[in-house]
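Single-structure report; data block below.
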Amino acid sequence: MFFLTGTDEHGIKMLQTATKEGITPRQLLDRTVPRFRELLVRLNCSNDGYIRTTEERHYQSSQAIWERMAKNGDIYLSKYSGWYSVRDEAYYDEEETRVGEGGVRLSPQDTPVEWVEEESYFFKLSAYQDKLIDLYTRVPDFVLPKERLNEVASFVKRGLRDLSISRTTFEWGIPVPGQRQGTNSDANTKHIMYVWVDALTNYITALGFPDTEAENFRRYWPADLHVIGKDIVRFHAVYWPAFLMSAGIDLPRRIFSHGHILSRGEKMSKSVGNVVDPFALADAYGVDQLRYFLLREIQFGQDGNYSHEAIVNRVNADLANDLGNLAQRSLSMIGKQLGGMLPTPGSFSDNDNILLAAADAMVGKAREMMKTQQLNQVLNTVWDVVADANRYFAGEAPWALAKTDPARQGTVLYVTAEVIRQVAILAQPFIPTSAGKLLDLLAVPADERSFATLDGAHRLAPGTTLPTSAGVFPRYVEPET
RNA sequence: GGCGGGGUAGCUCAGUUGGUUAGAGCAGCGGAAUCAUAAUCCGGAGGUCGGGGGUUCAAAUCCCUCCCCCGCUACCA
């Protein structure tokens with residue numbers, strides 16, 4: 001796997017923000033980009049590459065894809081005039097705009113628009129309408145969740161206009177290669193790429209494009225999964241595939257649109273003042289706790305709600321009470337009563353076999369759900385087994401067996417430990433640090449923590465000496481006020 | 001305005017080839033247990049399945065209509 005993320009750093013908004021503060025765009029970026037990178041580290045995200053669209057390699061890559069599209073006859077020089085909203089980064093037809101208070105003309109989003117008339121390069125998006133429809137039909141899960149594909153398809157079916165893909169009015173962007181002069185244009189006109197061409201191309205730059213023989217490009221392209229926010233589906237599911245088709249490059253296999261996290265049911269916004277700082281959440285609840293909450297509580301692809309009460313409930317109930325307490329009560333019993341040695345099980349009872357079978361079945365179900373990125377369903381499946389294990393543990397009452405049937409007690413504790421092992425291994429992608437601690441407590445070697453050790457093909461080794469047990473999931477208690 | 005999704009227990013949701021007393025988790029209530037992070041287990045309770053009408057022996061599920069929420073999109077002006 002190659003996990004990529006990065007920042008799109010060109011565009012007039014960046015330039016204007018910097019100018020307003022009296023600094024250069026680069027200075028602005030030097031200040032803000034590190035925060036994004038810190039967040040990745042803080043949230044313990046898998047990350048094999050970070051691409052910035054202002055990097056030299058990306059200039060070469062963007063110019064190369066431009067040339068490929070041009071060579072394919074899909075780029076032409078023309079003239080664009082219309083009402084442009086800097087805030088929306090979009091042009092509007094005059095009929096779409098209206099004059100607001102103080103004579104300011106506004107876009108449908110109520111952002112100010114200004115009249116712009118300039119020479120521009122265009123991409124023949126209109127030529128790709130049928131090919132895109134064909135793509136959506138042929139690969140029905142090219143865009144997930146399904147609702148998003150329907151939206152995109154209906155947008156394309158309505159008809160596509162060619163896309164303006166360059167600007168001459170400012171310079172914060174990647175120069176258009178091989179510029180020609182239009183008949184009526186200023187001899188000094190210099191085109192830079194309009195935001196989407198260079199923004200989208202980042203995905204292949206990061207793998208070595210334009211060197212299509214680069215090791216990473218050959219190995220990882222086309223991408224299996226391309227995750228974006230639902231607000232930019234159109235650009236990634238319409239423009240990007242069209243660009244790639246034009247350039248003769250394979251398309252990513254799937255675009256997945258994630259939803260938004262709402263704060264108490266409301267969209268977060270600076271003006272409302274309900275913006276939540278992810279660093280603060282991680283500090284308050286813990287990184288794994290935050291990750292678990294978001295991935296379990298929210299159906300991936302849908303919007304979801306965040307609230308203090310919800311995260312505390314979820315974290316205490318699922319992590320501290322159900323899994324954490326189960327691990328603690330079983331492992332500390334092994335520590336105190338069995339001298340810390342994982343017992344050798346006797347023959348398994350029906351109850352043992354039923355629970356083990358449920359645990360063994362988890363990975364298969366999880367794999368099926370992961371085919372369509374149903375992350376919360378994976379966690380539901382795993383925690384169903386945690387609940388089974390708690391019922392089993394209460395039913396078998398190993399604390400009582402200590403006096404009446406020590407051999408049976410050992411079997412019950414062994415079975416419980418084995419179930420915790422499988423739960424922890426499957427939980428690793430979601431709560432990596434905590435899952436790792438659980439596996440440490442079970443003395444599972446680093447090279448035996450892969451999914452290949454699940455589904456009953458592998459079991460904990462009896463007789464292993466376990467480290468002293470310790471709590472892995474602390475309960476969240478309200479700070480003293 | 002059009003298209004799509006949704007409105008089911010206090011909260012988050014599951015539940016269509018129509019079929020017995022509508023389900024789960026969390027919260028709340030009662031009980032058991034006391035190995036454990038006052039955690040766990042068991043049990044009752046809790047719902048006009050958005051409103052109304054219709055089809056049917058039978059509707060959360062099918063049809064009509066209305067209301068509300070969300071998304072995409074268009075237009076009037």
Side-chain angles (χ1 to χ4, degrees), chain A residues 92-99 108-109 143 145-160 229-235 237-238 257-260 262 264-267 289 293-294 296-299 301-338 351 374 376-377 379-384 386-404 406 409-410 412-413 416-417 420 434 437-438 441 469-477:
Chain A
Y92 295 100
D93 290 335
E94 177 142 339
E95 310 84 67
E96 293 183 275
T97 65
R98 63 187 186 81
V99 178
Q109 274 67 246
V143 180
K146 210 163 167 261
E147 313 88 84
R148 296 273 106 79
L149 177 76
N150 293 338
E151 287 173 10
V152 165
S154 69
F155 172 79
V156 173
K157 280 176 189 160
R158 265 187 207 99
L160 295 173
K230 66 174 186 178
D231 48 332
I232 49 174
V233 172
R234 186 194 300 173
F235 308 106
V238 179
S257 147
H258 71 243
H260 294 158
L262 307 176
R264 294 189 165 280
E266 289 186 47
K267 192 171 176 178
Q289 281 79 359
F293 171 77
L294 295 173
R296 170 75 196 254
E297 190 95 352
I298 301 172
Q299 196 178 336
Q302 305 301 121
D303 287 353
N305 261 302
Y306 155 81
S307 73
H308 173 71
E309 295 73 27
I311 187 170
V312 169
N313 276 341
R314 194 44 103 171
V315 161
N316 282 348
D318 290 10
L319 297 182
N321 299 351
D322 288 347
L323 179 55
N325 183 53
L326 176 67
Q328 179 79 324
R329 68 203 298 213
S330 54
L331 297 181
S332 74
M333 198 177 290
I334 292 173
K336 289 176 193 167
Q337 298 181 18
L338 306 183
N351 284 348
Q374 298 181 76
N376 68 315
Q377 293 295 344
L379 288 173
N380 285 343
T381 297
V382 173
W383 256 259
D384 279 348
V386 173
D388 289 343
N390 268 313
R391 274 188 287 276
Y392 166 86
F393 201 82
E396 299 296 327
W399 56 90
L401 292 171
K403 295 160 194 156
T404 59
Q409 182 200 26
V412 170
L413 291 174
T416 304
I420 294 171
S434 313
K437 283 186 192 167
L438 275 179
L441 291 178
S469 71
V472 172
F473 301 102
R475 272 182 76 76
Y476 180 89
V477 287

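Computation of the quantities below employed the complete heavy-atom set of this structure, encompassing side-chain atoms and omitting hydrogens, waters and symmetry-equivalent molecules.
Searching all strands for a Watson-Crick or G-U wobble partner of B:A60 with both distances below 3.5 Å returns nothing. Under the Watson-Crick or G-U wobble criterion, with both distances below 3.5 Å, B:G43 is paired with B:C29. Pair assignment for B:A24 gives B:U12, based on Watson-Crick or G-U wobble hydrogen-bonding distances that are each under 3.5 Å.
In this model, no side-chain donor or acceptor of A:N321 finds a partner on the base of B:A39 within 3.5 Å.
Considering A:V312, A:N313, A:L319 as possible partners of A:Y476, the one that fulfils the side-chain contact (heavy atoms from CB on, under 4.5 Å) test is A:V312.
The 5' end of RNA chain B is approached more closely, in terms of each residue's nearest nucleotide, by A:R296 than by the other of A:A387 and A:R296. Residue order along RNA chain B, read from the 5' end via each residue's closest nucleotide, puts A:Q302 first among A:Q302 and A:M333.
When the P atom is used for both B:G51 and B:G10, the distance is 14 Å, rounded to whole Å. The P atoms of B:C41 and B:A24 are separated by 15 Å, rounded to the nearest whole Å. Rounded to the nearest Å, the gap between the C1' atom of B:G43 and that of B:G50 is 32 Å.
Backbone-only engagement by A:D322 is indicated by non-hydrogen atom pairs under 4.0 Å involving sugar-phosphate atoms exclusively. Using a 4.0 Å heavy-atom criterion, one finds that A:E147 contacts no nucleic acid atom at all. Nucleic acid contact class of A:N150 (heavy atoms, under 4.0 Å, all strands): none. Heavy atoms of A:V472 sit under 4.0 angstrom from at least one base atom. If you check every strand for non-hydrogen atoms under 4.0 Å, A:R475 touches a base. Residue A:R158 is in base contact, counting any heavy-atom pair closer than 4.0 Å across all strands shown.
Straight-line distance from the CG atom of A:N305 to the C1' atom of B:U12: 9 Å, rounded to whole Å. Between the CH2 atom of A:W399 and the P atom of B:A32 there is a distance of 16 Å, rounded to whole Å.
Base orientation for B:G44: syn, the chi torsion being within 90° of 0.
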